[in-house]
There are 2 protein chains.
Amino acid sequence: MRKRVTLKDVAQAVGVHVSTVSRALDPKTRHLITPEIADRILKASERLDYRPNAAAYSLKTKRTRTIGVIVPDITNPIFPPIIRGVEDALADQGYFAILANTDGKAGREAAIADTLLWRGVDGLVLASVERHDRLVERLLAEAIPIVTVNRRVEREDIASVVHDDRDGMRRVLAHLADLGHTRIANIAGPQSFSTGRERYEAFESVRAALGLDPDRRLVVFASGFNEDEGERCTAELLDGGVPFTAIVCSNDRLAIGAIAALRQRGLACPDDVSVTGYNDMPMLDRLFPPLTTIRIEQYQAGAMAAELLVEMIEEAPEHRKPRHIVLPVELVVRGSTAPPSPARNAARPKGRGRKAAVSENPAAG
Amino acid sequence: MRKRVTLKDVAQAVGVHVSTVSRALDPKTRHLITPEIADRILKASERLDYRPNAAAYSLKTKRTRTIGVIVPDITNPIFPPIIRGVEDALADQGYFAILANTDGKAGREAAIADTLLWRGVDGLVLASVERHDRLVERLLAEAIPIVTVNRRVEREDIASVVHDDRDGMRRVLAHLADLGHTRIANIAGPQSFSTGRERYEAFESVRAALGLDPDRRLVVFASGFNEDEGERCTAELLDGGVPFTAIVCSNDRLAIGAIAALRQRGLACPDDVSVTGYNDMPMLDRLFPPLTTIRIEQYQAGAMAAELLVEMIEEAPEHRKPRHIVLPVELVVRGSTAPPSPARNAARPKGRGRKAAVSENPAAG
DNA sequence: TTGTAAGCGTTATCAC
DNA sequence: GTGATAACGCTTACAA
């Protein structure tokens, strides 16, 4: 591990003082230096392969050029693209990311934020916020630059990058209505998250706008965005006895669970019930059936969040104005949606005989 | 952002000198301090919520307690669990990870390593190495602690955590042989990676040991671990005209491509051809058919790699002895493998009529 | 056992 | 324009 070259080494090589070198190397102060000397300094630092010492820089400036990224769980496939977006955008600006997983536990989240702050991160990208988030309140109080991505908190003064959930839900319902569905169920996500909430609200308002059957019993709320909840909610829907021909799910994993639950009851997707997801996570096109869903720009969202954050960090605190970005979404039609089959519906399945009526099969498998 | 409390503040509060505080706070030097005073210092630092300044610590000690993690692409589902393992284990030891993606480009890899080193990482976890790796050579020359995970380089002096590929391949082939397969094809991974190489070598040696048909034409080499290559290689296998009833793939993504290619030719898995994957990435159980594969302990591998690395970092350089860890694997039998159907095989498909003989369908769809 | 002081590599505030 | 100098917060000989 060869000794690292410092400002002093460069100064010695050129025959000037370190402070001169420091000024010459910083574009903001270079104009203070005689161009000819500045040039020689630049050349020498190049030749010696000088790299500023990050620790010394941080100690002096109180800035680390490091930002923390807090996600629930990197293992959940919607986060990696976001993280890559964040990292790539940060790298472009000479920043680094430190990643931390909360596993959705608020206590852990607070502890993690503490550690990151102590470590001196300049700001935080939060992919794990709830609509009313204690951690965000605290960070706001301490004036730490933050931006939320994917989800947002219900405050205008916190910067965010999210996707157009209302438009997404509108596209899903329009697609289903186009196919001829009128009795459409909804597995809504947890209402403590902005995504769960907004998709649910959009479902209700769009459903009304399209003149679809507004039966309240066709909505059931999942307590988490996962396959198990998708199964449970679907069972609940089927047991409710209210007929429907399609299920709109608040995310892909709920949809995967829904399809599994239907299959357990001897119901086929999309033959008996159409199912839609949300997020377009990887591998969805390889499932059986391939899932119709809403594609969101995860990478782009991460990248923009990082840009927003760096902007805030480099802005003087008093000029910081939290920006909000809403990214467009896209409908991806695949095999899990089809026109409702006239002779069938979920509550009164008929057909190939291998199917059982819901009433004969009250409990989930 | 309230002012941070420093050693000086604690010293002032207790009425001693900073150096005394520093010593009292470090378990290694605490014995030098009068217990009673040490106690008061500990209490005060607790009360004031003292946090050591990471930059100052690094500047002084040249250690950052940060390690770099280089992966090809975090978006590839086998990496997130590894990364979580690394991060969790590091967190336990008071270290942090900075993540970087190379996208498999050697040039980018070198640049990234440079940046990380300049940033002062204490060591590196490499999940992206080739069997003969230039970057590793360079890091070795500079005496940077490194450990490779998942893959390894062909040098005994580089610490590594890998999985037992020979045993995995043995289990796969034994399973297939048990089912009655004798003509088994292999889509081998890139031979520049230890995984691709070792799985291929194990395939050959186990195939011989089990007395299976050793036809060389039943092996084809993928140039990447992805679905497209799986499709291409399967087409090549089918076009080769040598009959087989099963395809062993070097990873899951190749297997997914293989199944797609079979379907394009009107061949069903596992009815006509059994297919196996390797890695057990997420969602495999939701595919159609669910994929039989080898499960590897990704999280555990990441965690052990991190522990190994920290151990090396904290060891005096002259005592560093690279350790090699090989983790056990497990066979997961799902729906993509079945006994060979006597009337059928890939080269002479018969059956439901919707199938076409290979010779009628020479090119991939 | 504790205090003193130097120094890690930078940037910022002075003088000159 | 450039150089000297202090300071960021910490660790660590060395002195007391």
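All values below were derived from every heavy atom in this structure, side-chain atoms included, with hydrogens, water molecules and symmetry-related copies excluded. Reminder, nothing fancy here: chain letters follow the sequence lines and each chain counts from 1.
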Under 4.0 Å between any heavy atoms, over every strand shown, what does [X] touch: base, sugar-phosphate, or nothing? Just pick one.
X: A:R51; answer: sugar-phosphate
X: B:I33; answer: sugar-phosphate
X: A:V18; answer: nothing

Nearest to side-chain heavy atoms of [X], which nucleotide of [options]:
X: A:L59; options: D:dG3, D:dC8, C:dG3; answer: D:dC8
X: A:L7; options: C:dT4, C:dT10, D:dT11; answer: C:dT10
X: B:P52; options: D:dC8, D:dT2, D:dC10; answer: D:dC10
X: A:I37; options: D:dG9, C:dA12, D:dT2; answer: D:dT2

Whole angstrom value for the distance that separates [atom2] of [N] from [atom1] of [X]:
X: B:W118; N: C:dG9; atom1: CH2; atom2: C1'; answer: 14 Å
X: A:L32; N: D:dG3; atom1: CG; atom2: C1'; answer: 13 Å
X: A:K60; N: C:dC8; atom1: NZ; atom2: C1'; answer: 13 Å
X: A:Y57; N: D:dG9; atom1: OH; atom2: P; answer: 16 Å
X: B:K62; N: C:dG7; atom1: NZ; atom2: C1'; answer: 10 Å
X: A:N53; N: D:dC8; atom1: CG; atom2: C1'; answer: 13 Å
X: B:D26; N: D:dT12; atom1: CG; atom2: C1'; answer: 11 Å
X: B:H31; N: C:dT1; atom1: NE2; atom2: P; answer: 9 Å

Requested in this report: Before accepting this row, confirm whether a basic side-chain N of the pair B:R155/B:D133 lies closer than 4.0 Å to the acidic partner's carboxylate O.
Outcome: no
Report summary line: Taking for A:T34 and for A:H17 the nucleotide of DNA chain D with the nearest heavy atom, the one nearer the 5' end belongs to A:T34
Query raised in the report: Is B:R23 side chain donor-acceptor paired with the C:dG3 base, going by distance under 3.5 Å alone?
Result: yes
Requested in this report: Tell me, yes or no, whether the heavy-atom count around A:R30 atom CZ, taken from other residues, nucleotides or ligands under 6.0 Å, exceeds 12.
Outcome: yes
**Report entry** Over 12 non-hydrogen atoms of neighbours within 6.0 angstrom of CZ in B:R134
**Finding:** no
Report task. Using a 4.5 Å cut-off on heavy atoms from C-beta on, say whether the side chain of A:V149 contacts that of A:V86. Result -> no
**Report entry** Pairwise side-chain contact, B:E156 with B:H324, heavy-atom cut-off 4.5 Å (strictly under)
**Finding:** yes
Query raised in the report: Quick one: is A:T20 getting a side-chain N or O under 4.0 Å of the D:dT2 phosphate, OP1 or OP2?
Result: no
